[in-house]
**Student:** 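If you scroll down you'll find the structure; I have some questions about it.
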Amino acid sequence: MSNTTLPRRIAVLGATGSIGSSALDVIARNPDRLRPALLAAGSNVDGLLALCRTHAPDHAVIADQSAYARLRDGLREAGLATQPHAGDPALVQLVASEACDTVVAAIVGAAGLTSTMAAANAGKRLLLANKESLVLAGELLTAAARAAGSRIIPIDSEHNAIFQCLPAADARSGLRRIVLTASGGPFRGRRRSQLCDVTPAQAVAHPKWSMGAKISVDSATLMNKGLEVIEAHHLFDLPGDRIDVLVHPQSLVHSMVEFIDGSTLAQLGLPDMRTALAVGFAWPQRIESGVKGLDLAASGRLDFEPPDLDAFPCLSLAYGALATGGTAPAVLNAANEIAVAAFLQGRIDFLRIAELVEDTLAAIPAVAADSLDALLDADARSRLHADSIISSDRARGFRRQPDGSRAA
Ligand code: NAD
Ligand code: MG
């Protein structure tokens, strides 16, 4: 931070979400170093206006064009100088402009790709929470960041942990593997047959982390860990067989790196994303995040167990897509987004999420992921395919049997 002009001008994309609110909390604790310059949200214009009243950014962007007038009028009524904007193209332009030097990419899903890519292309410090953009277009995104001198700091507790444990590029030569920890989600310990009738409300009730609905369901299926394996592959340039997953229900050890000499380094802390965000804002310095230190004597045991791939096949599907390569991870991600949205709307059951992803991967053969167009085409085809299976399921009236199988 020493050779950067302070305060940093921060763009918070996905400001009304879980990561967005944690980012704004850390920013507000460090007013001499961090300033909220741009806040962006999807369609929650009231939430965005409330944040503008508190944080008085220079710019506010709502993705939903039809909400522009409400944003503009609300800012005017509040007597704020914040400039209103609407639509993804406006966001992309602002992210690339002098309006900010640091971008918190915390939009959920592939919808975050264009703005995340714009931040990388413009050489911004990129606090990357939007893991779906890495899964979808990891090679292109990391190459763009390298070419433009954009520093990517992962805002995922596991990858942020590995980032902290692997500071020196030359330490990589002695790296044997990384171990991503997983809480196991709300259904840890259940067998497949015990997952037939779990509800969206149960799936989003995460035992350790408070997060948005989509990532909470991903945690319940273990697809979140699968996306994180692919994310780690791109961030740390490792093949899938050197990225392991270990279930750790206390969520205090956020991940580990193991070296060829037998040494393992871990990063620990309370499950609160403000730590990762503070690391992202200040690295290599440290700033206050509002998160307390660990009291290991009070927290007691640290347990570890292997993931149950039979009950939670999404993790294996993600390893498979990474091994296949090309557009397969994009297809996996898009089918999962459609399936999770349908599950949250009560249109499919929990076990159908993994089945839909598997069917879609089988139906859409992977091709080389050498251009953004190829990836976006795979993403679109995957969404159409997953949607069409959901519609035909409903037309045919499939029912889940108590053992987890399906029958008409
Ligand atoms: P969330 O649902 O709480 O918030 C999502 C944000 O994205 C909201 O501000 C919403 O307005 C915005 N948004 C949605 N669609 C948009 C669009 N089309 N254009 C612009 N903005 C749009 O989600 P979250 O839990 O904060 O997660 C955000 C991202 O961070 C996800 O990619 C998630 O995987 C990742 N992440 C989250 C956590 C966590 O603890 N919440 C941890 C690690 C990674
Ligand atoms: Mg994570």
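Both counts, for ligands and for their atoms, begin at 1 and track the order of listing. Here, residue 1 is the first one in the sequence, and each next residue gets the next number. Side-chain atoms are counted along with the backbone in the values below, which use heavy atoms only and exclude waters and symmetry mates. Worth saying up front: this structure is predicted, and the values here are computed from it rather than measured.
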**Student:** For S18, is at least one N or O under 3.5 Å away from an N or O on ligand 1?
**Tutor:** yes
**Student:** Please state whether the rings of H59 and H85 are parallel, tilted or perpendicular, taking 30° and 60° as the class boundaries.
**Tutor:** tilted
**Student:** Could you check whether H159 and S255, counting side-chain N and O atoms only, form a donor-acceptor pair closer than 3.5 Å?
**Tutor:** no
**Student:** Taking the six-membered ring where the residue is Trp, are the ring centres of F236 and F163 under 6.0 Å apart?
**Tutor:** no
**Student:** Under a 3.5 Å distance rule, please check whether T114 uses its side chain to pair with a backbone N or O of P89 as donor and acceptor.
**Tutor:** no
**Student:** Please list the nearest protein heavy atom to atom 43 (C) of ligand 1 with its residue and the distance rounded to 0.1 Å.
**Tutor:** D156 OD1, 3.1 Å
**Student:** Between H248 and F304, how do the two ring planes meet: parallel, tilted or perpendicular, split at 30° and 60°?
**Tutor:** parallel
**Student:** Can you pull out the closest protein heavy atom to atom 35 (C) of ligand 1? Residue, atom name and distance to 0.1 Å, please.
**Tutor:** A129 O, 3.0 Å
**Student:** If you measure every N/O of M211 against every N/O of ligand 1, is any gap under 3.5 Å?
**Tutor:** no
**Student:** Examine ligand 1 and decide if any of its atoms is less than 4.0 Å from a heavy atom belonging to A15.
**Tutor:** yes
**Student:** To check your reading of the model: name the closest protein heavy atom to atom 29 (C) of ligand 1, its residue, and the distance in Å.
**Tutor:** I107 O, 3.8 Å
**Student:** Determine which of the N, O or S atoms in D156 is closest to the Mg ion (ligand 2) and give its atom name.
**Tutor:** OD1
**Student:** Relative to ligand 1, is I215 under 4.0 angstrom through side chain, backbone, both or neither, heavy atoms considered?
**Tutor:** side chain
**Student:** What residue and atom, counting heavy atoms only, is the protein's closest point to atom 2 (O) of ligand 1, and at what distance?
**Tutor:** G212 CA, 3.8 Å
**Student:** Under 4.0 Å from any heavy atom of A41, which atoms of ligand 1 are there?
**Tutor:** 11 (O), 20 (C), 21 (N)
**Student:** So that I can tick it off, tell me whether K225 and D218 are bridged by a salt bridge, with the cut-off set at under 4.0 angstrom between side-chain N and carboxylate O.
**Tutor:** no
**Student:** Report yes if some N/O of T16 lies less than 3.5 Å from some N/O of ligand 1; otherwise report no.
**Tutor:** yes
**Student:** Name the option, out of A111, G47, S115, that contains the heavy atom nearest to atom 17 (C) of ligand 1.
**Tutor:** A111
**Student:** What I want to find out is whether E355 reaches R400 closely enough, with some N-O distance under 4.0 Å, to be called a salt bridge.
**Tutor:** yes
**Student:** Do the charged groups of R192 and D310 touch, with an N to O distance under 4.0 Å?
**Tutor:** no
**Student:** Name the closest protein heavy atom to atom 11 (O) of ligand 1, giving the residue it belongs to and the distance to 0.1 Å.
**Tutor:** G42 N, 2.8 Å
**Student:** Any Lys/Arg nitrogen of R29 or E288 sitting under 4.0 Å from an Asp/Glu carboxylate oxygen of the other?
**Tutor:** no
**Student:** Among the N/O/S atoms of E228, select the one at the shortest distance from the Mg ion (ligand 2) and name it.
**Tutor:** OE2
**Student:** Taking only Lys NZ, Arg NE, NH1 and NH2, and the carboxylate oxygens of Asp or Glu, determine whether R176 and D261 approach each other closer than 4.0 Å.
**Tutor:** no
**Student:** Salt-bridged, D393 to R406, with N to O below 4.0 Å?
**Tutor:** yes
**Student:** Do the side chains of D101 and K124 get close enough for a salt bridge, i.e. N-O under 4.0 angstrom?
**Tutor:** no
**Student:** Among protein heavy atoms, which lies nearest atom 4 (O) of ligand 1, and at what distance?
**Tutor:** G17 CA, 3.2 Å
**Student:** How is the N/O/S atom of E158 that comes nearest to the Mg ion (ligand 2) named?
**Tutor:** OE1
**Student:** Return yes if some donor-acceptor pair links the side-chain N/O of H55 with the main-chain N/O of P57 below 3.5 Å, else return no.
**Tutor:** no
**Student:** Given that the side chain starts at C-beta and the backbone is N, CA, C, O, which of these parts of I155 lies under 4.0 Å from ligand 1, counting heavy atoms, or is it both or neither?
**Tutor:** backbone
**Student:** Does ligand 1 come near enough to A40 that some N or O of the ligand is less than 3.5 Å from an N or O of the residue?
**Tutor:** no
**Student:** Of the side chain and backbone of E132, name the one, both, or neither that has a heavy atom under 4.0 Å from an atom of ligand 1.
**Tutor:** side chain
**Student:** Provide, to 0.1 Å, the distance between atom 19 (N) of ligand 1 and the closest protein heavy atom, together with that atom's residue and name.
**Tutor:** A63 CB, 3.3 Å
**Student:** Considering only protein heavy atoms, which is closest to atom 27 (O) of ligand 1, and at what distance to one decimal place?
**Tutor:** I19 CG1, 4.3 Å
**Student:** Are any of the heavy atoms in N130 under 4.0 Å away from ligand 1?
**Tutor:** yes
**Student:** So D303 and Q250, side chain to side chain donor-acceptor pair (under 3.5 Å) or not? Walk me through it.
**Tutor:** CA-CA 7 Å; D303 295 305; Q250 290 87 4; 2.8 Å; yes
**Student:** Atoms of ligand 1 less than 4.0 Å from K131 heavy atoms?
**Tutor:** 32 (O), 34 (O), 44 (C)
**Student:** Touching ligand 1 at all, A106? Heavy atoms, strictly under 4.0 Å?
**Tutor:** yes
